[in-house]
Number of protein chains: 2
Amino acid sequence: MSQGNTAVPDIPDPFIHEVACPIRDILDRVGNKWSVQIILAVIQRPVRFTELERGIPGISRRMLTLTLRNLERDGLLVRTVFPTVPPKVEYTATDIARELYEPLEAMAVWARRHRGTIDTARVAYDERAARD
Amino acid sequence: MSQGNTAVPDIPDPFIHEVACPIRDILDRVGNKWSVQIILAVIQRPVRFTELERGIPGISRRMLTLTLRNLERDGLLVRTVFPTVPPKVEYTATDIARELYEPLEAMAVWARRHRGTIDTARVAYDERAARD
DNA sequence: CGGGATCCAAAAGGATACTG
DNA sequence: CAGTATCCTTTTGGATCCCG
């Protein structure tokens, strides 16, 4: 314990930041309540606004529009307006959105595999908390 | 257009929900501002509270505690109290947290690969929006 | 050292009326 | 049909003080 005790074995920053920062970037895009569902829907085929509204139960008009705009802005989907009457608008996934499917599916696999473990952990934790 | 026009080609729900629901479960856990950084830090070795506080710039005491509690509740990390004085508490990643690393890294790979494309898309979108 | 309790600001999200 | 605009509620996160 000479001069070295300010040299606390700090958390290895390079590792964390190289993984954490890109992930935060993604989460800022698709970490919200509706983006993933919209991406998955649009990945399969072009989808119209009203289709999405009916196909994603519980989403509000406002949030659908807002989420679509953000995804379009990030280049994850393309908005195509057909100047017909009544108007028709189609949303289409871009290539990078399609490439996002695999990572998403990897997350889903993890979640399905450990769902039981997590639920059990929750129950145990809550019981302990309830007993104070 | 006989009786079939209520049979709109709806979004293939089974596909979406089988992927989207588990993903929403994850995002409800690690989609917040700090969880990923904490998980990555703890995955490498047990870490103390104050180490995390210093190692994760910008996090508030409150959010660190809160996020740690939630991760512990979900069984992603274990809290160990050493009854010394002053007290010492270590947080350790569980196996399922370690298994989460691969999916996270897959997301990070996607993000790093397409960062440029996304930035370009944003700039283009914002320019168009600015021109009205 | 490792929090809990409290208060406050900001952001996300929902309901819905209106419109080209 | 595909939004926009407006208003409101809920959630999330930050600042701080206190305490064993």
Side-chain angles (χ1 to χ4, degrees), chain A residues 5-6 8-11 24 27-38 41-42 46-74 77-92 125 128-129 132, chain B residues 5-6 8-11 24 27-38 41-42 46-74 77-92 125 128-129 132:
Chain A
N5 91 346
T6 53
V8 196
D10 265 347
I11 298 169
R24 275 255 46 87
L27 292 182
D28 289 343
R29 298 192 170 82
V30 304
N32 59 66
K33 193 167 178 180
W34 304 110
S35 286
V36 169
Q37 290 176 72
I38 292 181
V42 170
V47 187
R48 298 181 61 172
F49 186 89
T50 311
E51 280 186 292
L52 286 168
E53 195 174 15
R54 285 174 308 155
I56 301 178
I59 195 169
S60 69
R61 238 180 171 69
R62 186 179 109 87
M63 287 315 297
L64 177 55
T65 304
L66 227 155
T67 308
L68 285 170
R69 290 293 169 276
N70 285 331
L71 292 175
E72 186 195 0
R73 184 169 112 99
D74 290 335
L77 50 81
V78 175
R79 177 170 176 270
T80 312
V81 182
F82 299 91
T84 59
V85 42
K88 173 181 172 179
V89 177
E90 267 186 4
Y91 293 92
T92 311
Y125 183 95
R128 268 180 286 133
D132 287 350
Chain B
N5 90 348
T6 53
V8 195
D10 265 346
I11 298 169
R24 275 255 45 86
L27 292 181
D28 288 342
R29 297 190 170 81
V30 303
N32 59 66
K33 194 168 178 183
W34 304 109
S35 285
V36 170
Q37 289 175 73
I38 292 181
V42 170
V47 187
R48 297 181 60 172
F49 186 89
T50 311
E51 279 185 294
L52 287 167
E53 195 174 14
R54 286 174 307 157
I56 302 177
I59 196 169
S60 69
R61 239 182 170 67
R62 185 180 111 87
M63 287 314 297
L64 177 55
T65 303
L66 227 155
T67 308
L68 285 170
R69 291 293 167 275
N70 284 330
L71 293 175
E72 186 195 359
R73 184 169 113 98
D74 290 336
L77 51 80
V78 174
R79 178 170 176 269
T80 312
V81 183
F82 298 90
T84 58
V85 42
K88 173 180 173 180
V89 177
E90 268 187 3
Y91 293 91
T92 312
Y125 182 95
R128 268 180 284 132
D132 288 350

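What you are looking at is a predicted structure, and each value in this text was computed from that prediction instead of being measured.
Rounded to an integer number of Å, the gap from B/L77 CG to C/dG2 P is 15 Å. Straight-line distance from the CG atom of A/L64 to the C1' atom of C/dG14: 13 Å, rounded to whole Å. Rounded to a whole Å, the CD1 atom of B/I56 is 15 Å from the C1' atom of D/dG13. For B/D28 and C/dA12, the CG to C1' distance is 13 Å, given to the nearest whole Å. Note: CE (A/M63) to P (D/dC8) measures 19 Å, nearest angstrom. Following rounding to the nearest Å, B/L52 (CG) and C/dG2 (P) show an atom-to-atom distance of 9 Å. Atom CG in B/L27 sits about 13 Å away from atom P in D/dT12, given to the nearest Å. Going from atom CG of A/L68 over to atom C1' of D/dA2 covers 11 Å, rounded to whole Å.
The phosphate of C/dG3 has OP1 or OP2 within less than 4.0 Å of a side-chain N or O from B/R79. OP1 or OP2 of C/dG3 lies within a sub-4.0 Å distance of a side-chain N or O belonging to B/Y91. In this structure, A/T65 does not reach the D/dG3 phosphate: none of its side-chain N or O atoms is under 4.0 Å from OP1 or OP2. Between A/R62 and D/dC7, a side-chain N or O to OP1/OP2 separation shorter than 4.0 Å is absent.
Residues A/T92 and A/L77 have side chains not in contact (no heavy-atom distance under 4.5 Å, counting atoms from C-beta outward). When side chains are defined from C-beta on, B/L64 counts as touching B/F49, because their heavy atoms get closer than 4.5 Å. For the pair A/Q37 and B/R24, the minimum side-chain heavy-atom distance is below 4.5 Å. Residues A/I56 and A/W34 are in side-chain contact: their nearest non-hydrogen atoms beyond the backbone lie under 4.5 Å apart.
With distances taken from any side-chain atom of A/N32 to the nucleotides D/dA2, D/dG14, C/dG13, the minimum falls on C/dG13. Of all nucleotides listed (D/dG14, D/dA2, C/dG4), D/dA2 comes nearest to the side chain of A/F49. Picking from D/dT4, D/dC1, C/dG14 the nucleotide with the shortest atom distance to the side chain of A/R69 gives D/dT4.
In terms of position along DNA chain C, the nucleotide closest to A/K33 lies nearer the 5' end than the nucleotide closest to the other residue of the pair A/K33 and A/R61. In terms of position along DNA chain C, the nucleotide closest to B/L66 lies nearer the 5' end than the nucleotide closest to the other residue of the pair B/L66 and A/I59. DNA chain D is contacted by both A/P86 and B/P87; A/P86 maps to the nucleotide lying nearer its 5′ end (nearest heavy atom per residue).
No side-chain donor from either of B/N70 and B/T67 sits under 3.5 Å from a side-chain acceptor of the other.
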